[in-house]
Engineer: 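Pasting a structure here, questions to come.
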There are 2 protein chains.
Amino acid sequence: MPKQSSTRKGQFATSARMRDVAKRAGVSTMTVSRALNEPSKVSEEMRERVLSAVKEIGYLPNHLASSLSSNRSTTIGLIVPSIDNSIYTQTVKGLSDVIRQSGFQLMIAESGYDPNEEEELITAFLTHRVSGLVLHSAEHTPQAVAKIAKSGVPVVENGNIPEKPIDMVVSYSNWDAAYTMTMHLGRLGYKHIAFASLYSVHNDRSRDRLKGYRAALEQLGLDYDPRLVIETSRGLSSGAEVVARVVHSVPEVDALFCAGDVLAVGALFECQKRGWAVPGRIAIASFDDVELLRHLSPSVTTLRLPRYDIGERSARMLLSRIMDGAEHFRGSIVDLKFEVIQRESA
Amino acid sequence: MPKQSSTRKGQFATSARMRDVAKRAGVSTMTVSRALNEPSKVSEEMRERVLSAVKEIGYLPNHLASSLSSNRSTTIGLIVPSIDNSIYTQTVKGLSDVIRQSGFQLMIAESGYDPNEEEELITAFLTHRVSGLVLHSAEHTPQAVAKIAKSGVPVVENGNIPEKPIDMVVSYSNWDAAYTMTMHLGRLGYKHIAFASLYSVHNDRSRDRLKGYRAALEQLGLDYDPRLVIETSRGLSSGAEVVARVVHSVPEVDALFCAGDVLAVGALFECQKRGWAVPGRIAIASFDDVELLRHLSPSVTTLRLPRYDIGERSARMLLSRIMDGAEHFRGSIVDLKFEVIQRESA
DNA sequence: TTGTAGGCGTTATCAC
DNA sequence: GTGATAACGCCTACAA
């Protein structure tokens with residue numbers, strides 16, 4: 001004789017199970033499962049009986065159980081360097097839009113630009129059996145890479161185009177973007193182009209932007225002057241400091257390329273405070289086309305990066321790997337390019 | 001004779017299981033489980049044996065299985081109206097910081113200001129057996145509320161202080177904030193105070209801000225003029241439009257309270273474009289103390305809201321309900337207050 | 001089209 | 001302190 005109910009103690013109100021639905025509908029649990037997940041494999045009458053039983057009981061499927069049993073989950077893990085950085089939110093939105101449509105859920109965590117923390121998060125996501133990973137950073141611990149490989153979970157890196165990708169990549173090239181903007185400034189006639197970015201420690205995006213800047217200088221036949229390169233932290237004040245420092249050490253500076261929108265705005269404000277013409281005394285260029293830059297006066301020349309598209313494509317590729325087993329995406333590198341937005345500030 | 005390996009087909013490489021660790025360490029799975037989760041209940045020798053076996057094999061626990069078996073999960077669901085709104089990111093950061101420390105993971109989704117979508121997301125989270133929910137909106141479908149109640153999952157609402165809370169609340173009062181700022185403007189001597197906010201359809205925060213504004217007007221003995229109230233969409237351009245519309249319909253307007261930082265910035269830019277003194281021709285006040293407002297010229301008077309703290313406290317209360325079963329938090333309302341930041345623009 | 005049997009990987013429970 | 005056993009709720013595989 002079957003037990004009427006479990007004697008195990010649980011902290012939650014015991015919710016209705018599939019077997020309760022089955023009993024109520026007078027069918028087996030398999031029919032319930034099929035009616036819910038593969039409706040076409042069930043006769044219409046059964047389907048209706050099951051669905052009304054589901055409603056009457058208020059049954060909510062248990063995804064933990066179904067994932068465990070079917071060995072497939074519907075969660076995707078996303079790791080960003082910093083959650084309160086508006087730059088990523090567009091990408092997150094792109095991911096979220098696509099993922100939700102397919103009934104997947106996003107687990108999000110922040111690494112704080114620390115590869116060891118990233119590794120811990122990857123491990124945590126793997127224990128949660130995410131079916132895919134999205135990593136913004138391209139810098140990982142060897143252990144993290146090894147764990148991912150061992151798990152077999154598909155991965156998209158989407159903050160940069162790494163030299164040695166783990167698996168798939170959907171991004172623009174930070175090197176290329178910085179190179180292009182620097183070339184653009186050079187062609188506009190600027191001769192002493194300063195470069196400001198966030199600290200490049202554990203930040204491959206910053207490093208690649210610096211490299212692109214240097215490559216462009218070389219191409220332009222301009223000397224590289226380390227006094228013109230400044231790394232700093234996020235914030236409008238940092239942008240202001242950059243102007244102060246660079247003008248102090250190299251008075252003949254005539255352009256400032258800020259590899260970060262917040263820095264650029266801070267720099268512009270500082271110039272305005274000093275009563276400098278932008279451009280004129282100094283030109284300013286930014287990175288990322290946030291709405292604000294278009295509305296400032298002078299409007300700020302910048303790079304438009306495909307932030308939303310990166311999220312969207314990342315999600316699509318990941319999902320086709322996960323759902324359709326589309327192996328041809330394995331190792332794909334998608335370079336989504338960017339655009340120079342010429343405005344008044346340079 | 002035990003099977004050597006499963007014959008089931010799965011899409012993933014079969015990862016090591018607890019039983020593999022157990023075999024390697026020459027113990028039972030229960031000892032492995034204890035060594036991992038309740039180390040104090042296992043002898044030191046066993047612990048070491050198990051842990052080294054774990055390392056050698058590269059074992060990653062399966063959270064799905066453990067959650068299913070123990071009937072407790074380590075995920076928390078968060079629903080925000082819009083993922084690409086920088087206002088929430090601070091709260092998300094506060095939540096994330098606390099939650100991560102306790103080994104929990106955050107599932108995040110966006111409702112797009114749609115209660116029906118919110119209900120679907122709540123349902124989805126419930127099927128994933130989240131152990132807690134954080135909702136930014138205070139407006140829910142009755143079905144959503146019923147499902148939550150039935151599930152027994154603890155909930156925090158944190159975008160507003162609702163009249164009829166579902167369970168716990170950690171927020172500031174939108175009514176109070178708008179009331180306070182309007183009173184502030186009134187005391188500064190402004191007589192024709194306009195009010196701009198985001199559309200209030202399915203946005204209880206906007207609605208309460210409007211009510212607070214009206215209550216303050218009454219308190220100040222100022223007439224309510226519907227032409228001075230404008231609802232619009234997000235964006236700097238919307239802020240500019242607000243200025244145009246309100247000045248056109250009520251030329252004697254002398255202050256504009258924008259219940260949204262982006263609107264305020266857009267409004268200020270428009271005034272500058274028109275060459276108006278701020279304040280003087282018109283004063284501007286904002287909502288939320290984003291860094292930019294302090295750096296603009298004139299710097300913008302605004303409200304400092306405890307965005308990060310809201311996330312932090314929400315997480316703490318949720319976790320103590322979940323982990324310690326601290327029932328005294330059930331139904332708690334925490335009003336975290338706010339601060340008027342007086343600057344130059346008003 | 002539907003049902004039966006058994007297992008997914010872990011933990012609660014109880015015996016030793 | 002450790003282990004054997006039976007769930008947890010669902011789905012794969014196979015049978016009817």
Side-chain angles (χ1 to χ4, degrees), chain A residues 2-23 25-50 54 57 59-74 126-129, chain B residues 2-23 25-50 54 57 59-74 126-129:
Chain A
K3 280 191 185 170
Q4 194 164 341
S5 75
S6 165
T7 58
R8 288 181 107 197
K9 118 180 143 200
Q11 60 177 329
F12 298 146
T14 41
S15 52
R17 294 146 300 178
M18 199 175 255
R19 105 175 43 126
D20 302 321
V21 177
K23 192 178 295 177
V27 299
S28 71
T29 59
M30 271 318 299
T31 301
V32 177
S33 176
R34 287 196 270 254
L36 259 24
N37 305 319
E38 306 169 292
S40 66
K41 292 195 172 178
V42 156
S43 71
E44 190 167 345
E45 192 218 326
M46 279 296 168
R47 214 180 312 149
E48 283 171 13
R49 255 208 280 170
V50 168
V54 165
I57 296 189
Y59 167 70
L60 284 182
N62 185 330
H63 253 296
L64 299 175
S66 86
S67 294
L68 177 62
S69 181
S70 64
N71 194 30
R72 77 184 75 238
S73 80
T74 56
L126 255 21
T127 68
H128 279 276
R129 295 301 188 265
Chain B
K3 279 191 186 172
Q4 196 166 339
S5 74
S6 166
T7 58
R8 292 178 104 198
K9 119 177 140 199
Q11 61 178 330
F12 298 146
T14 41
S15 51
R17 295 144 301 178
M18 199 175 256
R19 108 177 35 130
D20 302 320
V21 176
K23 192 177 294 176
V27 298
S28 72
T29 60
M30 272 318 298
T31 300
V32 176
S33 177
R34 290 193 188 105
L36 259 25
N37 304 320
E38 306 169 292
S40 66
K41 292 196 175 177
V42 156
S43 71
E44 192 169 342
E45 192 218 325
M46 279 297 169
R47 215 181 310 148
E48 284 171 13
R49 256 207 280 169
V50 169
V54 165
I57 295 188
Y59 167 70
L60 284 183
N62 186 329
H63 252 297
L64 300 175
S66 94
S67 294
L68 176 61
S69 182
S70 65
N71 193 30
R72 75 183 76 237
S73 81
T74 56
L126 255 21
T127 67
H128 280 275
R129 295 300 188 264

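The model shown is predicted, which means the values in this text are computed figures rather than measured ones. Naming: A, B, ... by sequence-line order, numbering from 1 per chain.
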Engineer: Atom CZ of A:Arg19 to atom P of D:dC11: distance rounded to whole Å?
Structural biologist: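 Atom-to-atom, A:Arg19 to D:dC11, this comes out as 13 Å.
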Engineer: Closest heavy-atom contact between A:Thr29 and A:Ala22?
Structural biologist: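 Heavy-atom minimum between the residues: N-CB, 3.8 Å.
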Engineer: To the nearest Å, give me how far apart CG (A:Leu68) and C1' (C:dG7) are.
Structural biologist: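 Rounded to the whole Å, the gap is 9 Å.
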Engineer: Does A:Ser70 get its side chain close enough to the base of D:dC11, under 3.5 Å, for a donor-acceptor pair?
Structural biologist: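 There is none.
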Engineer: Quick one: B:Asp20 CG to C:dC8 P, roughly how many Å, whole number?
Structural biologist: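 Between P of C:dC8 and CG of B:Asp20: 11 Å.
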Engineer: Start with the C-alpha gap between B:His128 and B:Ser73, add the side-chain angles, then the distance that decides, and say whether side-chain contact (heavy atoms from CB on, under 4.5 Å) holds.
Structural biologist: CA-CA 9 Å; B:His128 280 275; B:Ser73 81; over 6 Å; no
Engineer: Before you tell me yes or no, could you show the steps for B:Val50 and B:Val42 under side-chain contact (heavy atoms from CB on, under 4.5 Å), namely the whole-Å CA-CA distance, both residues' side-chain angles and the distance that decides it to 0.1 Å?
Structural biologist: CA-CA 10 Å; B:Val50 169; B:Val42 156; over 6 Å; no
Engineer: Which pairs would a plain distance check flag for residues 30-37 of chain A, meaning a side-chain donor or acceptor within less than 3.5 Å of a matching protein atom at least two apart in sequence or in another chain?
Structural biologist:
unit_1  : atom_1 : unit_2  : atom_2 : d
A:Thr31 : OG1    : A:Ser28 : OG     : 3.3
A:Asn37 : ND2    : A:Ser33 : O      : 3.2

Engineer: Take the protein atom CZ of A:Arg17 and the nucleotide atom C1' of D:dA7, then report the distance between them rounded to whole Å.
Structural biologist: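 The answer, rounded to whole Å, is 11 Å.
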Engineer: Drop me the distance from A:Arg47's CZ to A:Ser40's OG, to the nearest 0.5 angstrom.
Structural biologist: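 A:Arg47 atom CZ to A:Ser40 atom OG measures 7.5 Å (nearest 0.5 Å).
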Engineer: Between atom CG of A:Asn71 and atom CZ of A:Arg129, what is the distance when rounded to the nearest 0.5 Å?
Structural biologist: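 It is 8.5 Å, given to the nearest 0.5 Å.
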Engineer: Looking at residues 28-38 of chain B, who's got a heavy atom less than 4.0 Å off DNA chain D?
Structural biologist: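 Heavy-atom cutoff 4.0 Å gives B:Ser28, B:Met30, B:Thr31, B:Arg34.
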Engineer: Tell me: CE of A:Met18 to C1' of D:dC11, nearest whole Å?
Structural biologist: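 Checked: the CE to C1' distance equals 8 Å.
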Engineer: What integer distance in Å separates A:His128:NE2 from C:dG9:C1'?
Structural biologist: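 Rounded to whole Å, this separation is 15 Å.
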Engineer: Can you name the closest pair of heavy atoms from B:Ser67 and A:Leu64 and give their distance?
Structural biologist: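 Minimum heavy-atom separation between B:Ser67 and A:Leu64: CB-CD1, 3.6 Å.
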Engineer: Within this structure, what is the CG-OG distance for the pair A:Leu68 and B:Ser69, rounded to the nearest 0.5 Å?
Structural biologist: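 Here the interatomic distance stands at 9.5 Å.
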Engineer: Between B:Asp20 and B:Arg17, does at least one N-O distance fall below 4.0 Å, as a salt bridge requires?
Structural biologist: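 Salt bridge present between B:Asp20 and B:Arg17.
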Engineer: Specify the separation, in whole Å, of atom NZ of B:Lys41 and atom P of D:dT2.
Structural biologist: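 Value for this atom pair: 13 Å.
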Engineer: Between B:Ser43 and D:dT2, does any side-chain N or O lie under 4.0 Å from OP1 or OP2?
Structural biologist: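 B:Ser43 to D:dT2 OP1/OP2: side-chain N or O found under 4.0 Å.
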Engineer: Nearest of D:dC11, D:dT2, C:dC8 to any side-chain atom of B:Met46?
Structural biologist: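 For B:Met46, the side-chain atoms sit closest to D:dT2.
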Engineer: Mind calculating the distance between CD (A:Glu48) and P (C:dT2) to the nearest angstrom?
Structural biologist: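 These atoms are roughly 12 Å apart.
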Engineer: The helix from C:dT1-D:dA16 to C:dC16-D:dG1: angle between its terminal axes, five pairs each, to 10°?
Structural biologist: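 Computed angle between terminal axes is 30°.
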